[in-house]
2 protein chains.
Amino acid sequence: MDFETVASKLKVMGHPIRLQILDMLRRGETCVCHIERALDRRQAYVSQQLMALRDAGLVDSRKDGLQVYYTLIDEDVASLLEVLIGPMPSMGLEKIDGCTCPACSTILLTEIP
Amino acid sequence: MDFETVASKLKVMGHPIRLQILDMLRRGETCVCHIERALDRRQAYVSQQLMALRDAGLVDSRKDGLQVYYTLIDEDVASLLEVLIGPMPSMGLEKIDGCTCPACSTILLTEIP
DNA sequence: CATCTATATTCAAAAACCTGAATATAGTTT
DNA sequence: AAACTATATTCAGGTTTTTGAATATAGATG
């Protein structure tokens, strides 16, 4: 892997929102709506950053019904984040209210008696 | 260390020439003339990139006579390069002919009988 | 001290990036 | 099929990066 390639990977990562998205993805596959809520950014904006990450080959996406789920596919990213940010936050996705994705609505249902 | 800070560090590293300079510095303290030759870039250009690295707090410089020597001071950088580029190239500076720095001229002298 | 050498800084124009706004698409539900 | 929902894409502007050219500085040397 030449310097040019490595540099462009670092460049894509060198953006606060994209970095935070990558950090979220460490927990595992995450849908767009979830990222949107967690970061409190408009949908189009999040989607743009996800596109950048996809174009750079750092993440991949999978469609399931209306939701689109993103995953880390670049092996270096996790190692880099480990160095820079520390160990991965607890495994599994954190629930966010206001988020309507399947993962989040599961507990919302159980919480409404 | 927040995402903003980490992102700006990655951003500075996300540049092919700066990345290559950082890679060179893994071998140890290196003078500007040496970097200049190794990368075959004009002096002013190299100096500009060194300034960027200095401003970002990744390297430090020390003046000795006419030469200025640069060193890695950010601990993360070495780890990141290890992940991205692989193990550090053989320790100690590689000699370059045409380079007039003390380290290089030592052998040049011994080579001229 | 005049000059040379190694390095640093300033400036400006072109290129690239960032992001908001508007709009498009694909799947879902009624 | 019409309306809705989640996500994607396009476009345009403003700002920042990038890099070449010119110039400045600090230390060495004659």
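Residue numbers start from 1 in every chain, and the chains themselves are labelled A, B, ... in the order their sequence lines are given, proteins ahead of strands. Predicted model only: the values in this text are computed from it and were never measured.
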When rounded to the nearest 0.5 angstrom, what distance separates CG in A:Leu80 from CG in A:Leu19? 10.0 Å
Selection residues 66-89 of chain B - residue pairs positive for salt bridge (Lys or Arg N to Asp or Glu O under 4.0 Å), sequence neighbours left out: B:Lys9-B:Asp74, B:Lys9-B:Asp76
Tell me which residues in residues 47-69 of chain A lie within less than 4.0 Å of DNA chain D, going by non-hydrogen atoms. A:Ser47, A:Gln48, A:Met51, A:Arg54, A:Leu66, A:Gln67, A:Val68
Which residues satisfy the side-chain contact (heavy atoms from CB on, under 4.5 Å) test with A:Ala78, sequence neighbours excluded? none
Side-chain donor-acceptor distances from residues 59-73 of chain B under 3.5 Å, at least two apart:
| from | atom 1 | to | atom 2 | distance (Å) |
| --- | --- | --- | --- | --- |
| B:Arg62 | NE | B:Glu29 | OE2 | 2.7 |
| B:Arg62 | NH2 | B:Glu29 | OE1 | 3.0 |
| B:Arg62 | NH2 | B:Glu29 | OE2 | 3.3 |
| B:Tyr70 | OH | B:Arg54 | NE | 3.4 |
| B:Tyr70 | OH | B:Arg54 | NH2 | 3.3 |

Tell me the interatomic distance from B:Leu19, atom CG, to D:dT18, atom P, rounded to whole angstroms. 13 Å
Please name all residues satisfying side-chain contact (heavy atoms from CB on, under 4.5 Å) with B:Asp55, sequence neighbours left out, ordered by chain then number. B:Met51
Positions of residues 29-44 of chain A (non-hydrogen atom under 4.0 Å from DNA chain C), listed by number: A:Arg42, A:Ala44
side-chain contact (heavy atoms from CB on, under 4.5 Å) partners of A:Ala38, counting only residues at least two apart: A:Met24, A:Ile96
Residue pairs passing the salt bridge (Lys or Arg N to Asp or Glu O under 4.0 Å) test where at least one lies in residues 13-24 of chain A, sequence neighbours excluded: A:Asp23-A:Arg26
How would you give the extent of chain A contacts on DNA chain C, as first and last nucleotide 5' to 3' within a 4.0 Å heavy-atom cut-off? C:dC17 to C:dT28
Taking only residues two or more places apart in sequence or in another chain, which ones pass salt bridge (charged side-chain N to carboxylate O under 4.0 Å, His left out) with B:Lys11? none
Extract all donor-acceptor atom pairs below 3.5 Å that involve side chains of residues 39-49 of chain B and protein atoms in other chains or at least two apart in sequence.
none

Which residues share a side-chain contact (heavy atoms from CB on, under 4.5 Å) with B:Thr5, sequence neighbours left out: B:Met1, B:Asp2
